[in-house]
Each structure stands twice: as C-alpha cells, then as structure tokens.
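Data first, discussion second: the structure below is written as structure tokens.
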Amino acid sequence: MSQQDVPADRRVHDVPGLGSPVEMVIDRWGVTHIYASSSHDAFLAQGYNAARDRLWQIDLWRRRGLGLLSEVFGPQFVERDRAARLFLFRGDMRQEWLAYGSDTKRIASAFVAGVNAYVDLVRSSPDLLPPEFRRHGYLPSHWHAEDVARIRSHGLFQNVREEVARARTVRDYGAAVEELRKAREPFVPLTVPDGLDLHAIPDDVLDVYELATTYPDFTEPARVPSSAAVLMEGSNNWVLGGQVTETGRAIVANDPHRALSLPSLRYLVHLSTPSFSVIGGGEPALPGVSIGHNGALAFGMTLFSVDQEDLYVYELDPDDPTRYRYGDGWERMRVERDVVPVRGGTEVEIEFLFTRHGPVVRTTRTHAFAVRAAWLEPGMAPYLGSVDYMRATDFESFGAAMNRWGAPAENQIYADVHGNIAWKAAGLAPRRPNWDGTMPVPGDGRYEWDGFYDADELPGIENPEPGWFASANEMNLPPDHPAGKTVTHDWYAPDRKHRIDAAIAGGLVRSVGDAARLQNDVTSLPAQRILRVLGPLTDGDAAPGLAMLREWDGVLEATSAAAALFEVWHRRHLRPAVLAAALHRLLPAAEVDDAVARLVPDESLLADSRVLLDLLEDPGDRLGPDPADTLRHIMISSLKAAFAECESLMGNDPATWAWGRLHVSVLRHPLGVTDDRTGDVVTVGPVPRGGSGDTVCDTAYDSAFVQTGGSTFRVVIDVGDWDASLALNHPGQSGDPRSPHFADLVDGWARGQYFPLLYSRSAVESAAELVLELRPPD
C-alpha cells in the first residue's frame with residue numbers, strides 16, 4: 001500500500017480489498033462524504049476513513065472492549081482486562097450475525113478490512129502514526145469482524161446500579177430513606193424480594209462490573225469508579241410534522257448526551273452508493289450511522305429506560321464453593337480460563353465463573369453474585385443494529401428494523417418526505433412475571449425471566465394528533481400501558497421534556513433555526529419552581545441573595561451572576577440541608593450526615609430533581625410538625641451560606657460574578673499527550689458554559705462545576721430540503737491532535753453555532769477542502 005504524491009487538494013491512496021475506486025470528499029468542517037459504487041466498498045472506505053481520523057481512539061476502544069489494555073499499558077490494567085473479558089459475548093456467532101440483518105456480517109467484515117488497510121499504511125509509514133502510539137511505544141492492531149459484535153461494554157445500561165444502590169439504602173437505613181434517594185415511576189411500593197438477604201450483598205459487589213463498563217482512568221488505572229460517579233446519560237429528540245413548521249416539511253432534532261471526551265464520542269460521515277445514501281452521526285468504531293437521514297427519511301434516538309439487567313444473589317454450597325443453590329439442589333458454576341498478555345511482565349492467567357444467569361462479578365465465603373444482562377443476548381451489540389434501519393425506505397421497513405433493535409433501548413423518532421412522523425420505543429425488554437426489577441433477587445430459581453416482550457408490546461405512535469412528538473428520557477409510558485408489563489421504574493426527571501413541550505406547544509419551534517435554539521436552551525424549570533417557594537420569604541441576613549434571585553428568571557446563562565448563586569446554593573447547600581431535615585425524622589442524629597452523603601454523594605453528576613422539589617412544594621409531615629417554618633429556616637440559612645461561598649469563589653462584588661466563571665468545559669487528553677510546539681498537555685478549553693443537568697442544553701457537572709456530560713453532537717434535519725440541515729460535533733471531527741479538525745468546532749459548540757450538514761453532491765463539492773481517491777492496488 002502506498003500514498004502517492006499528488007496536488008494538495010487531491011490525494012490518492014491504494015487500498016486493498018476495494019472492488020472499484022472510491023472518492024472521499026472532506027468538507028471544511030471535517031465531515032467525510034464517501035462515494036462508492038457498492039455497499040461493500042462504502043463500508044470498507046468508512047472503516048479506512050474512521051482509522052484515518054480516529055485511529056488511536058478506535059484502537060483503544062477495541063483494546064478496552066477485548067481486555068487487551070495490559071498488553072500495551074502494563075500490569076496495572078490486568079483487572080480491567082479481566083473484567084472486560086468477563087462481559088464479552090460468548091454465544092454462537094452465526095446466530096449473532098443473523099440477529100441484526102442478513103448482511104451485517106458482510107458490512108462488519110468490510111468495515112474492519114478498511115480499518116486494517118489503514119493500520120497497514122500507518123505501520124509502513126511511521127510519519128502517519130498518531131502521537132499516542134509514539135508516546136507509549138506500540139503500534140495499532142489489526143481487527144477481526146467479530147470484534148465489532150462481541151464487544152458489549154460500551155453501551156448504555158439499565159439498571160443494576162440502581163438495584164444495588166436501592167438495596168444498600170434499604171439495608172442500612174430502611175425503605176423510608178430510599179424514598180428520599182430516587183423517585184420511582186410508575187410508583188410501586190418497595191418490597192424486598194422473598195429470600196433476599198440484603199446483608200449478604202457487599203458494598204463492592206459491582207466493582208468488576210464498573211471496571212468492565214467504564215472508560216479507563218490512565219492517571220489512576222487501579223481505581224474503581226463508584227456507581228454514583230458514573231454519569232447518567234440521556235438525550236433529547238423531537239420530530240415536528242409539516243402542519244406545525246414554517247415550510248410544511250418535517251423537522252427531526254436530536255442531541256444525545258454522553259460523557260464529554262477527547263476525542264469526541266460521535267463521528268459524522270456520509271455514505272453514498274447506488275442503493276443508499278445516508279448521512280449523520282455514529283460511533284467511529286462501528287459501521288453505519290445511528291442518527292441522521294438517508295434522503296427518504298430521518299431518524300433519531302434517546303434512551304428509553306428499559307430495565308435490561310438484574311443482580312442475582314446465590315447461596316453457596318458450604319462444602320463446594322463452585323456450587324450454588326438452585327431449586328431443590330446445587331448447580332455447578334461454569335469455569336473458563338484465559339491468559340492476559342502484559343507489557344513488561346509475564347502473562348497473567350485469569351479465571352471466570354458463570355452461573356446459568358450470567359457472569360459472576362463477586363463471591364464471598366457464603367454467597368456469589370452474577371449479573372444477568374439482556375445486552376449479552378444475540379443481536380445486542382450496542383448501535384450495530386443501525387446498519388439495518390439506516391437504509392429503510394418507509395415506516396414499514398423502518399418498523400421491521402425496530403423489531404430487531406436490541407441495545408441500547410431507545411426512543412426512536414422518524415419522519416419522511418411524505419410528511420409522516422412517528423415514535424417507536426425499541427429494545428430487548430425482559431419479562432419478569434413475579435417481580436418488578438427494582439431490587440436484586442435470589443438466584444435459586446424463584447425469579448426467572450420469561451422471555452422478552454415482543455416489539456409490538458412496547459409503545460409507539462404514528463402521526464400523532466398534535467403534529468409533533470418529543471422525548472427526553474422521561475417516563476413516557478402511555479396511560480393505557482398495561483400495569484403488568486413492567487418496563488422499568490427507573491426513569492430520568494422530566495424537566496427537560498417539560499421545557500421542550502412548552503416551547504413546541506407554544507409555537508416557538510417552527511423552523512430549523514428554532515430547533516437549534518431550543519437545543520441550546522438553558523432555562524431551568526427546577527430553578528423556577530424553587531424560586532416560587534423562595535419568593536415569599538424575607539430575612540435581613542440573606543437579603544443580598546434574596547434580592548438577586550428574586551430578580552432572576554431561572555435562565556442559567558453563562559454570564560449570569562444569579563445563575564452562579566443559584567447553582568452553588570442548589571447543589572451545595574439547599575439540597576443536602578432539606579434532605580438532612582427529612583432524615584432527622586427517620587434516623588438517629590448520629591446517622592444523618594452519613595445518610596446525606598449516601599443520598600447526594602459529592603461525585604453524583606446528575607441529581608434527581610424530583611425528590612427535592614416534592615419536599616419543597618408538598619412536604620406534608622416529612623419536615624416536622626411545622627414544615628413552613630422549617631423550610632423558611634433552611635432556605636434562608638442555606639442561601640446565606642451559599643452567598644458567602646460565592647464571595648470566596650468569585651470575589652466580594654456580585655457584579656463580577658458569572659455562572660461561566662465557575663461552570664466550564666475543559667477536556668484534557670486522557671493519556672497526557674503533549675503539544676509538540678509548547679510541551680503542554682493537549683487540552684481543549686476552558687470554555688464558559690451555561691445550563692446544568694436540568695436544562696435542555698444539558699451541561700451536567702462535577703463537584704468542581706466542570707462539565708462532565710451533555711451534548712457534544714447535535715443534528716437538526718430539514719426533511720426534504722436536506723442541505724438546510726444543521727450539525728455540531730465537539731471538539732472536532734478528527735482525533736489526531738495534529739489535525740486542523742481536532743478542535744475547530746469548539747467555538748461553534750460553545751456559542752450554539754451550527755454548520756450545514758450538506759447532502760447533495762453539488763453542495764458538498766462547493767465546500768470541499770480535500771479529496772481522497774481510494775483505489776484498488778494495481
């Protein structure tokens with residue numbers, strides 16, 4: 001393979017495996033438009049291009065997923081590698097491939113052939129090697145098609161973390177305290193499953209699960225992230241029918257929320273062949289597009305919170321710890337062994353245990369614990385099913401693809417050029433005939449899944465009467481959803497959804513530009529509700545803070561001083577103080593501080609607003625015999641303390657305060673790679689941010705107010721006038737710090753300024769920055 005010398009605006013690459021030449025046009029925003037004469041060549045070129053832009057990132061994705069970090073980073077990653085291998089798909093690959101669609105194996109094979117072709121080019125041309133490989137002295141690896149399907153640990157999962165957190169709270173403090181931790185919808189009384197010994201569950205029962213399903217921390221490789229520190233990741237989407245838009249054409253808007261990362265999680269690409277032409281965003285290590293359009297219809301997704309996980313608790317045979325009680329006897333665990341290669345040391349032999357329900361994540365002297373996960377079933381590799389639905393031509397074929405969609409469970413929205421719009425909830429949902437999935441259960445056979453719900457049993461709607469539909473991860477089961485068909489009781493707070501609904505129903509979203517503005521909306525409904533409770537209060541000591549907040553509209557602009565005061569007050573003072581008051585009614589005084597720390601841990605990145613708002617607006621007797629007086633004291637004293645903290649953080653002059661002084665986005669290279677020119681660690685930011693985890697523009701943050709999650713990729717699609725569509729992808733399309741497209745989209749992202757998502761060949765060519773011609777070798 002070779003790269004020939006050609007003019008700067010057009011370059012030629014010889015790429016083995018191609019059947020015919022492929023043209024890749026890179027526009028000025030770094031989006032690659034791939035024009036191929038066959039599906040095979042398009043997906044091969046997609047793999048080649050993903051490696052061209054994101055080689056280190058996708059190589060790390062593969063290593064993390066297959067448990068091969070120790071091979072290049074050393075023995076401190078062995079436990080992570082073991083955890084990752086424990087959660088690999090181990091089933092029959094023929095059944096696995098067929099679960100997605102008839103040609104998914106061919107697509108994955110073509111994609112990895114393209115990745116491998118670029119890997120070969122880089123191996124033979126060291127000057128092309130991204131700096132991460134040079135810094136750590138290793139080369140990118142070759143892929144197998146099975147890697148794309150067997151790796152499962154990069155998805156969005158529900159809800160074993162909630163089960164364990166709930167069990168620990170009930171174990172240590174009782175069920176009444178659990179009601180202050182997390183709202184359940186639809187509400188069900190909390191019951192401990194018969195036969196479950198809560199005290200048998202160790203606090204670290206999910207350590208292996210966390211190592212398997214979280215991104216590695218290269219500064220502290222052995223650290224196990226706490227469940228509270230794992231970002232709850234959601235999204236917004238809405239679809240507008242032509243009857244409510246200015247143009248009479250439908251609009252699809254989608255902004256998935258994930259952890260902020262460098263490089264970005266998402267990657268925009270355009271694949272064009274004689275049989276299909278699709279453009280949008282996906283994950284760079286996977287073929288296809290999961291959010292976008294294909295010239296006939298547009299599609300987008302948000303998380304639909306299907307409970308796809310359970311923690312099973314087993315009593316062990318005291319005479320043989322490899323056997324667990326099942327039914328009237330003992331059943332033996334399956335044992336597998338593997339070897340982890342370790343850089344700079346000897347390979348490490350590891351052992352896995354499996355029960356009939358799934359991988360064992362922890363054992364004690366008396367018990368074993370296994371995770372049963374729907375995402376370990378055939379056809380459940382996250383997002384891989386998008387290669388099927390992205391080529392749909394109408395709602396019938398789109399709906400057929402939804403029947404096969406497995407993970408993550410999603411609210412899929414749809415709009416086509418004929419004016420049809422739709423919503424369909426899709427995902428593999430287990431049937432639990434005799435429990436609701438809110439707590440761990442004994443693994444002795446009393447609590448078994450009874451298959452899965454058919455796709456038609458999950459909700460959806462075609463051409464809704466209002467002319468639009470929106471979702472934001474809220475509890476959106478329709479009123480007539482059968483109570484016995486439990487999907488989950490763990491949903492996100494509905495604040496983003498209510499704000500979206502109000503804007504659309506109020507006629508404020510009628511164009512592509514309006515939809516983009518709504519995606520950037522930083523109005524906090526929880527703030528406005530808290531301000532209404534605060535309004536009647538008076539107190540001389542807290543007068544400056546009261547005056548500032550009374551004049552504020554609840555909009556968390558980065559330039560707002562009142563927004564800074566509110567967020568410091570809300571997060572650090574009001575919420576823990578109100579919960580402490582409620583807990584004093586339930587627990588001995590000596591236990592309250594510990595319970596508050598458990599209910600609102602400092603590392604919790606996205607708090608559930610429902611509990612606090614309920615206590616403020618309808619306290620009943622939960623805050624004592626005189627809740628009004630209790631709230632007055634709490635709100636005044638906590639606001640006074642928050643005002644003083646803002647003075648210590650931003651100075652004594654409130655006129656100089658601003659939420660964006662505290663709340664920033666700053667991304668640092670996870671490996672600490674340095675800039676060749678300055679010697680500084682590669683960093684993007686700091687960028688002042690508005691919003692919070694409660695706003696449509698989701699900017700969830702940590703205890704230092706640094707943004708940790710939210711929307712980095714956005715699209716607003718004009719269905720029919722495709723070139724009028726808009727997109728964003730922070731910080732840039734490339735993952736190579738040497739590329740001009742590594743961080744060129746940061747300013748637009750920070751300001752809410754989009755670029756055109758060009759689709760027609762003429763529009764693409766008018767914005768071309770570089771053309772790469774891929775051709776079969778002679």
Side-chain angles (χ1 to χ4, degrees), residues 13 15 17-27 29-54 58 100-115 117-118 145 148 252 254 266-301 383-393 397-398 401 713 715 717 722-723 725 727 729 733-734 756-765 767-768 770-775:
H13 292 213
V15 180
L18 287 175
S20 300
V22 172
E23 190 172 62
M24 300 200 310
V25 180
I26 295 91
D27 67 28
W29 302 280
V31 177
T32 301
H33 306 260
I34 297 171
Y35 301 96
S37 59
S38 70
S39 173
H40 171 273
D41 286 353
F43 287 110
L44 191 148
Q46 184 187 10
Y48 187 86
N49 184 65
R52 182 187 67 86
D53 263 341
R54 303 286 189 96
I58 66 173
Y100 303 101
S102 60
D103 62 349
T104 303
K105 180 181 180 180
R106 292 195 297 273
I107 289 171
S109 298
F111 181 84
V112 302
V115 172
Y118 193 80
V148 174
V252 165
N254 202 175
R266 305 290 182 181
Y267 187 63
L268 284 153
V269 69
H270 180 190
L271 306 173
S272 181
T273 76
S275 60
F276 69 89
S277 180
V278 63
I279 187 170
E283 298 197 8
L286 302 175
V289 165
S290 56
I291 297 170
H293 75 82
N294 63 16
L297 54 89
F299 43 87
M301 61 172 70
Y383 305 105
L384 187 55
S386 65
V387 299
D388 195 14
Y389 72 69
M390 73 177 195
R391 294 172 291 171
T393 57
S397 53
F398 187 83
F713 159 75
V715 292
I717 300 170
W722 305 112
D723 289 335
S725 303
N729 192 26
Q733 279 283 96
S734 175
L757 186 62
L758 302 178
Y759 185 68
S760 70
R761 186 68 183 260
S762 59
V764 169
E765 290 179 349
L770 173 67
V771 178
L772 300 180
E773 181 184 341
L774 310 186
R775 66 186 188 187

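Scope of the values below: all heavy atoms of this structure, side chains included, with no hydrogens, waters or symmetry mates. Worth saying up front: this structure is predicted, and the values here are computed from it rather than measured.
Using a distance-only test at 3.5 Å, with no hydrogens or angles considered, a donor-acceptor pair links the side chain of D41 to the main chain of S20. One N or O on the side chain of Q46 and one on the backbone of G288 form a donor-acceptor pair closer than 3.5 Å. The backbone N or O of S277 lies less than 3.5 Å from a partner atom in the side chain of Y759, making a donor-acceptor pair.
Residues forming a ring pair (Phe, Tyr, Trp, His ring centres under 6.0 Å) with Y35 (at least two apart in sequence, or on another chain): H270. In this structure, the side-chain contact (heavy atoms from CB on, under 4.5 Å) partners of A42, at least two apart in sequence or on a different chain, are A36, T273. Remark: A296 engages N294 in a side-chain contact (heavy atoms from CB on, under 4.5 Å) (not counting sequence neighbours).
Inter-residue side-chain proximity for Y267 and T32 is flagged as met; some heavy-atom pair is nearer than 4.5 Å. V289 places none of its side-chain heavy atoms less than 4.5 Å from the side chain of I279. Counting only heavy atoms from C-beta outward, the side chains of P284 and D53 never approach each other to under 4.5 Å. Here the side chains of M301 and Y383 are in contact, with some heavy-atom distance below 4.5 Å. Taking 4.5 Å as the limit, every side-chain heavy atom of F299 sits out of range of all side-chain heavy atoms of V252. In this structure, the side chains of N49 and M24 come closer than 4.5 Å at one or more pairs of heavy atoms. With a 4.5 Å cut-off on side-chain heavy atoms, Q733 and V31 count as touching.
The CZ atom of F111 sits 10.0 Å away from the CZ atom of F43 when rounded to the nearest 0.5 Å. Interatomic distance, CD1 of I26 versus NE2 of H33, reported as 9.0 Å (0.5 Å rounding). A distance of 5.5 Å separates CZ of R266 from OG of S290, quoted to the nearest 0.5 Å. Here L268 contributes atom CG and D27 contributes atom CG; the two are 9.0 Å apart, rounded to the nearest 0.5 Å. Note that OG of S397 and CG of D388 are 9.0 Å apart. Values are rounded to the nearest 0.5 Å. To the nearest 0.5 Å, atoms CD (E23) and CD (E765) are separated by 7.0 Å.
The two residues P287 and V387 have their closest heavy-atom pair at O-CG1, 3.4 Å. Between L297 and A392, the closest heavy-atom pair is CD2-O, 3.4 Å. Contact between P756 and W29 at its shortest, heavy atoms only, is CG-CH2, 3.5 Å. Between A727 and V715, the shortest heavy-atom distance links the atoms CB-CG1, 4.2 Å. Considering all non-hydrogen atoms of both residues, A113 and L44 come closest at CB-CD1, 3.9 Å. Taking all atoms of both residues into account, the shortest heavy-atom contact from I34 to A45 is CG2-CB, 3.7 Å.
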Handout entry: Candidate pair Y48 and V22, rule side-chain contact (heavy atoms from CB on, under 4.5 Å), full reasoning
Key = CA-CA 11 Å; Y48 187 86; V22 172; over 6 Å; no
